[in-house]
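The sequence lines fix the lettering, A, B, ..., with proteins before strands; numbering per chain opens at 1.
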Amino acid sequence: MIVFDNVTKRYPGGYTALDGVSLRISPGELVVLSGHSGAGKSTLLKLIPALERPSSGTVHINGQDVSNMPKRGIPYLRRNIGLVLQENRLLFDRSVYDNILLPLIINGHPPGEAAKRVGAALDLVGLSRREKEFPAGLSGGEQQRLTIARAFVNRPSILIADEPTAYLDPAYASEIAELFKSFNSAGVTVLVVTHDISLFRQCSPRRIVLDHGHIVEQ
Amino acid sequence: MLNWFYLHLRAFAQALKRLAGQPFGTFLSALVMGIALALPAGGYVLLDNIAVLARGVSGKPEISIFLDNDADRAQVDAVRQNLQNVPQLAGFHFVSRDEALKQLEANGLGDVLAGIAENPLPDAFIATLRSDKPELFEALSAEVQSWPGVAHVRLDSAWVKRLSALLELVRATMLDLSVLLGLALVIVIFNTVRLQILTQKNEIEVSRLLGATDRFIRRPFYWFGVLQGIFGGLVALAAVWIGIDALAVPVAKVAETYGVMIVLAGPGWRESLAMIGIAAALGWLGTAISVRRHLVGR
């Protein structure tokens, strides 16, 4: 469950990215967040894993108040949230396999179980044959799939993605959208920021539209 | 517990991989640390050798107790009795004035006394001490001096005192040098780890996004610093042994001219372990400061 209660985010310098936003996303929902550039979509997304803190109001994730969470609690919050950011943030000096393995090591999974999970994640995103390669050798779409596999391998209850198809051609974009739909079918709460809502139209997602820091449609 | 061990093992392997990934840099760092550590370590080893040598050359320290020229038999016996009751003495023997004169003549100095009608030399006791501590000499000398019939007490320890003071001075200098060089090593590790943190910036940020704790992120850096320290310690140990090997023959030749046989001893296994342990601890300290400055809470 994701609950925003009258959340305002003001950046140093006075720019208000979100202004009194309230919303509630139930477990297992697929939500598509859209709006023009600068509407506050990315800021809203970053408040969920506490990459940003609200200036006022509260954000609750699975019953936990993230707005005032002490720093030492944040890593444990993030382990239950799969993150796919605009820039894919892969580790280019590690193999595809090791990139996916990292969250499992962080989470303290035993090596045997971690290996099984990485194998399953690789199968899911279709990169099984490329596990020994390095990310630089993958196409843009494959890199994005790798990022998604890394976000999902810990089996988080929430998956958030910021423009995951932004730089992909339509065929790749459609593949990525399918992945998110399959995660949602497995009961994961999915929140995707995208300009291309048509990719998700088939599964009738809930749509939230932001404009200048306000929710104008949900 | 198993997970903790596994995480440390991974961090250790990661640190080793980072070190192996830049062999030249690792070698240079170890060399710099090794040389810096070898100076005080080598100094201490030499100091130990000199101390052992000094003890060997001086043998048992002695004091000469000269009696009054007019001391009678009873006073001589009283002094003998008193000396028997001094626990700090390893032994003593009496040298009569006649024996002293004979020894002087045997040494070819008889002519000096040729014009003097009466033997001017006093009766004396030569006593050897159990310990070579200068303060013991002083205390004993003052006590013996107060006995009836004793004219003068001469300590044969002046050079021992000088050597002891000199060794103390060198030891203190070595300590200062160790502290300064230790500080330099901490700074070297601090900077090396800082550069590592900058190099691994992306990995650190990604790990944080994925839920890594500060402890998880710091762990490989600590191992990195400790391993650098251990490599530095090993280089220092090798340098000390090479130094001892190189000095062994010249030192033995110098000693031979004094009629002494010297075999320079290198650091034992305890000293070697201590040297590596101290180097590892300095590596840990440099890392701790660097990590605190550049990583924690960022």
Side-chain angles (χ1 to χ4, degrees), chain A residues 45-46 48-52 61 69-95 98-115 135 146-147 149-162, chain B residues 1-26 192-224 227 288 290-298:
Chain A
L45 225 58
K46 285 177 179 171
I48 295 170
L51 292 171
E52 298 282 357
I61 307 297
M69 183 176 270
K71 269 187 174 177
R72 65 176 179 278
I74 291 173
Y76 304 98
L77 166 80
R78 288 184 189 162
R79 289 179 194 182
N80 200 27
I81 299 171
L83 275 173
V84 180
L85 298 176
Q86 265 180 9
E87 60 287 17
N88 57 40
R89 307 303 298 266
L90 293 168
L91 299 177
F92 284 83
D93 59 344
R94 294 197 190 188
S95 67
D98 285 339
N99 264 279
I100 301 177
L101 182 66
L102 184 60
L104 297 170
I105 296 168
I106 289 171
N107 216 5
H109 285 280
E113 191 198 325
L146 174 56
T147 311
R150 190 182 65 184
F152 189 68
V153 75
N154 245 342
R155 295 176 192 164
S157 64
I158 298 168
L159 191 61
I160 57 177
D162 194 0
Chain B
M1 185 66 191
L2 199 66
N3 191 42
W4 178 87
F5 181 73
Y6 171 65
L7 287 173
H8 267 282
L9 200 67
R10 276 203 74 86
F12 176 77
Q14 210 175 330
L16 262 185
K17 199 175 161 190
R18 280 178 195 170
L19 287 166
Q22 40 187 345
F24 188 65
T26 304
T192 311
V193 172
R194 185 183 69 88
L195 292 175
Q196 276 295 314
I197 290 170
L198 289 176
T199 312
Q200 308 292 326
K201 196 173 167 233
N202 185 43
E203 187 175 332
I204 293 166
E205 282 173 6
V206 168
S207 298
R208 286 214 163 109
L209 286 175
L210 297 174
T213 56
D214 275 346
R215 197 178 296 171
F216 179 91
I217 292 167
R218 285 195 308 247
R219 212 173 274 133
F221 292 105
Y222 274 110
W223 275 116
F224 182 88
L227 282 172
S290 194
V291 156
R292 198 170 180 79
R293 175 86 179 76
H294 300 107
L295 212 61
V296 174
R298 292 193 176 219

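Both the backbone and the side chain of A/Pro111 come within contact range of chain B, each with at least one heavy atom under 4.5 Å from a heavy atom of that chain. Using a 4.5 Å cut-off between heavy atoms, A/Ile74 makes no contact with chain B at all. With a 4.5 Å cut-off on non-hydrogen atoms, A/Arg94 touches chain B through its side chain but not through its backbone. Looking at A/Leu51, only its side chain comes within 4.5 Å of chain B, counting heavy atoms on both sides.
Put simply, the side chain of A/Arg78 gets close to the backbone of B/Arg208: a donor and an acceptor are under 3.5 Å apart.
Put simply, OG1 on B/Thr213 and CZ on A/Arg72 are 13.0 Å apart, with the number rounded to the nearest 0.5 Å. Distance check: B/Ser207 OG to A/Ile105 CD1 gives 9.0 Å after rounding to the nearest 0.5 Å. Distance CZ/B/Arg10 to CG/A/Leu101: 5.5 Å, rounded to 0.5 Å. Expressed to the nearest 0.5 Å, how far CD of B/Glu203 lies from CG of A/Leu90 amounts to 12.5 Å.
Looking at heavy atoms from C-beta onward, B/Leu210 lies out of side-chain contact with A/Asn154 at the 4.5 angstrom threshold. No side-chain heavy atom of B/Leu209 sits under 4.5 Å from any side-chain heavy atom of A/Arg150.
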